[in-house]
Q: 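One structure coming up, written as structure tokens, with questions to follow.
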2 protein chains.
Amino acid sequence: MGKRIVPDIVVARLPLYLQTLKQLQREGEYTTSSNGLGKRIDISAAQIRKDLSHFGEFGKQGTGYAISYLIEQLEEILNVNQVWDMALVGVGFLGHAIANFRGFNSHGFQVKLIFDNNPTVIGSNIAGFIVQDSNKMEEIIQEHNVKVAMITVDSDHAQEVADRLVKSGVKAILNYAPVTIKVPEGVQIQYIDPIIELQHMTYYLD
Amino acid sequence: MGKRIVPDIVVARLPLYLQTLKQLQREGEYTTSSNGLGKRIDISAAQIRKDLSHFGEFGKQGTGYAISYLIEQLEEILNVNQVWDMALVGVGFLGHAIANFRGFNSHGFQVKLIFDNNPTVIGSNIAGFIVQDSNKMEEIIQEHNVKVAMITVDSDHAQEVADRLVKSGVKAILNYAPVTIKVPEGVQIQYIDPIIELQHMTYYLD
DNA sequence: TAGATTGTTAATCGATTAACAATC
DNA sequence: TAGATTGTTAATCGATTAACAATC
């Protein structure tokens with residue numbers, strides 16, 4: 001049943017739908033419609049229905065979607081009806097912030113391993129984790145069967161770290177370093193880069 | 001001379017081109033081609049040429065693009081041939097990391113003001129800035145004529161903070177809170193949300 | 001000059017939207 | 001039942017790619 005047939009641009013919107021449905025649930029709502037959901041996030045009702053239709057029929061004519069059911073379904077589709085252990089490589093200020101971030105837990109993720117190559121931080125305790133030596137990345141990640149990682153090292157080391165993560169069996173990398181990284185087919189990569197986003201916006205300013 | 005006529009999806013790629021050109025420059029290159037640039041970032045040569053053609057003619061047949069010239073031009077197009085002062089609202093771990101981030105400076109941005117509503121941090125020094133009281137946001141931001149802001153408060157307060165930023169004259173908001181925010185026409189908003197990116201990737205994992 | 005690469009046009013491909021029968 | 005809203009089809013719209021004359 002080919003995942004391949006769903007356009008990636010559709011997949012990319014699902015987490016936003018999930019986030020918004022959870023928000024609606026927190027607000028005490030039990031049902032919503034493609035229209036109601038779309039209004040929240042400035043996406044057309046037609047697009048939401050079309051996107052969801054790639055995966056099944058989750059709504060009812062006349063009444064819309066049961067929020068808790070649609071959340072369950074999206075969590076299953078996105079494979080976050082489980083908790084993914086994550087490795088974090090690099091403990092500067094940003095690594096610290098991520099290690100201490102409380103938001104992962106209820107959304108399918110948790111930090112499990114932290115690495116750095118700086119002897120003065122290796123062995124120290126960050127957010128309850130002992131920082132491990134980067135040199136032992138491969139064995140430790142394999143041992144813990146970690147498939148998801150975040151890179152918060154500087155640009156010059158990001159590709160090298162990514163290569164080692166891939167060797168360790170990591171299949172999804174969230175890269176915070178401001179540089180494009182090459183990964184083999186079958187390994188996912190996404191970027192978080194505030195400067196890219198800021199420059200995108202300043203285009204529209206005078 | 002309508003900025004309107006350039007598709008936003010094209011604009012969104014320009015910062016990536018700029019980033020990559022700077023990288024090439026650091027590596028000692030003086031020229032590149034649509035092909036060479038494209039290979040770095042997995043974008044087709046045709047697309048790069050098409051994108052750039054919206055703004056002018058920056059290359060030479062036979063030889064490609066002079067990197068320093070194209071950097072200059074892109075910086076001008078993106079309005080980052082100047083330094084934008086930024087306000088940062090919310091000083092948790094993430095706010096701390098952003099306040100201390102060295103990477104903004106050479107790319108057109110600098111943190112100028114930091115706000116929080118927590119009495120125990122107001123007045124304290126973070127990365128050389130005195131944390132100001134959120135209650136004085138409007139007047140202080142106006143006084144400093146700040147047009148760009150980053151939100152690192154929790155989800156429940158993000159919309160309220162955004163509203164106040166807009167009132168203060170801010171025209172571009174980078175929101176780190178995991179919630180969609182409504183802003184008026186003419187105000188730019190972009191999101192940074194690791195969970196969205198992670199869930200996008202886990203779709204492809206088993 | 002010959003080779004390389006641009007900027008641009010036209011063709012292709014893909015994504016979004018509008019419309020509506022089905023039905024809760 | 002009447003009103004609302006789904007899932008889906010077909011039409012529209014927009015983005016990407018291929019191809020090539022121009023020319024450095």
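What you see is a predicted model; the values in this text were computed from it and never measured. Here is the naming used below: chain letters follow the sequence lines, and residue numbers restart at 1 for every chain.
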Q: Return the value, rounded to whole Å, for the distance between atom CG of B/Asp51 and atom C1' of D/dT17.
A: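 Interatomic distance, CG of B/Asp51 to C1' of D/dT17: 12 Å.
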Q: Closest to the B/Ser33 side chain: C/dT5, D/dT16, C/dC24?
A: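 For the B/Ser33 side chain, the nearest candidate turns out to be C/dT5.
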Q: Whole angstroms only, please: what is the CD1-P distance between B/Ile41 and D/dT16?
A: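 Result: 13 Å.
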Q: Output yes when at least one side-chain N/O atom of B/Ser44 is less than 4.0 Å from OP1 or OP2 of D/dT16, else no.
A: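 Indeed not, no polar side-chain atom of B/Ser44 lies that close.
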Q: For C/dT8, which nucleotide in any strand shown is its Watson-Crick or wobble partner with both distances under 3.5 Å?
A: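 C/dT8 is paired with D/dA19.
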Q: What nucleotide among D/dT16, C/dT16, C/dC20 has an atom nearest to a side-chain atom of A/Arg13?
A: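 For the A/Arg13 side chain, the nearest candidate turns out to be C/dT16.
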Q: Taking the side chain as C-beta and beyond, is there a heavy-atom pair between A/Trp84 and A/Lys147 under 4.5 Å?
A: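 The answer is yes; the side chains approach within 4.5 Å.
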Q: What is the separation between atom NE2 on A/His54 and atom P on D/dT8, rounded to the nearest whole Å?
A: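 Nearest whole value for this atom pair: 10 Å.
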Q: Do B/Tyr65 and B/Thr31 come close enough that some side-chain heavy atom pair is under 4.5 Å?
A: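 Heavy-atom side-chain distance check fails, nothing below 4.5 Å.
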Q: Could you state the atom-to-atom distance from CD1 of A/Ile48 to P of C/dT17 in whole Å?
A: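 That distance rounds to 11 Å.
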Q: I want to check something: taking the side chain as every heavy atom from C-beta on, are A/Tyr191 and A/Val179 in contact at a cut-off of under 4.5 Å?
A: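 Sidechains of A/Val179 and A/Tyr191: no contact.
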Q: Is any NZ, NE, NH1 or NH2 atom of the basic residue among B/Lys22 and B/Glu27 found under 4.0 Å from an Asp or Glu carboxylate oxygen of the other?
A: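 Salt bridge absent between B/Lys22 and B/Glu27.
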Q: Where along residues 17-32 of chain B does a heavy atom come under 4.0 Å from DNA chain C, residue by residue in number order?
A: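 None, since no heavy atom is under 4.0 Å.
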Q: What's the closest nucleotide to the B/Glu57 side chain, out of C/dG7, D/dT6, C/dT6?
A: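 That would be C/dG7.
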Q: Using whole Å, what does the distance between atom P of nucleotide C/dA18 and atom CG of A/Asn35 come to?
A: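 Whole-Å distance recorded here is 13 Å.
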Q: In whole angstroms, how far is the C1' atom of D/dT16 from the CG atom of B/Asp42?
A: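 Distance check: B/Asp42 CG to D/dT16 C1' gives 15 Å.
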Q: Where the side chain of A/Gln61 is defined as all heavy atoms beyond and including C-beta, which of D/dG7, D/dT17, D/dT5 is the nearest nucleotide?
A: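 Among the listed nucleotides, the one closest to the side chain of A/Gln61 is D/dT5.
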Q: Heavy-atom nearest nucleotide on DNA chain C for A/Thr63 versus A/Ala46: which residue maps closer to 5'?
A: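 Mapping each residue to its closest nucleotide by heavy atoms, the 5'-most match is A/Ala46.
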Q: Roughly, in whole Å, what's the span from CG in A/Leu52 to C1' in D/dT8?
A: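 For the pair A/Leu52 CG and D/dT8 C1', the rounded distance is 13 Å.
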Q: Please tell me whether B/Asp193 and A/Gln19 have a donor and an acceptor in their side chains that are separated by less than 3.5 angstrom.
A: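 Yes, a side-chain donor-acceptor pair sits under 3.5 Å.
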Q: Would you indicate which nucleotide in C/dA15, D/dA19, C/dC20 comes nearest to any side-chain atom of B/Arg49?
A: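 That would be D/dA19.
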Q: Tell me whether the side-chain N/O atoms of B/Tyr65 come closer than 4.0 Å to OP1 or OP2 in C/dA4.
A: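 For C/dA4, OP1/OP2 do not have a side-chain N/O of B/Tyr65 under 4.0 Å.
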Q: C/dT9 P sits how many Å from B/Gln47 CD, rounded?
A: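 The distance from CD of B/Gln47 to P of C/dT9 comes to 18 Å, rounded to the nearest Å.
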Q: Can you tell me which nucleotide in C/dT6, C/dA15, C/dC24 comes closest to the side chain of A/Ile9?
A: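 Selected nucleotide (nearest to the side chain): C/dA15.
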Q: I'd like to know if the side chain of A/Asp51 pairs up with that of A/Tyr17 as donor and acceptor (distance under 3.5 Å, no hydrogens or angles considered).
A: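 Note: A/Asp51 and A/Tyr17 side chains meet the donor-acceptor criterion.
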Q: Between D/dC24, C/dT8, C/dT16, which nucleotide gets closest to the side-chain atoms of A/Lys50?
A: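 The answer is C/dT16, which lies nearest to the side chain.
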Q: Do the non-hydrogen side-chain atoms of B/Gln132 and B/Leu113 ever get within less than 4.5 Å of each other?
A: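 Counting from C-beta outward, B/Gln132 and B/Leu113 do come under 4.5 Å.
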Q: Quick one: are A/Phe104 and A/Met86 in side-chain contact, heavy atoms under 4.5 Å?
A: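 The answer is yes, as the side chains (C-beta and beyond) meet within the 4.5 Å cut-off.
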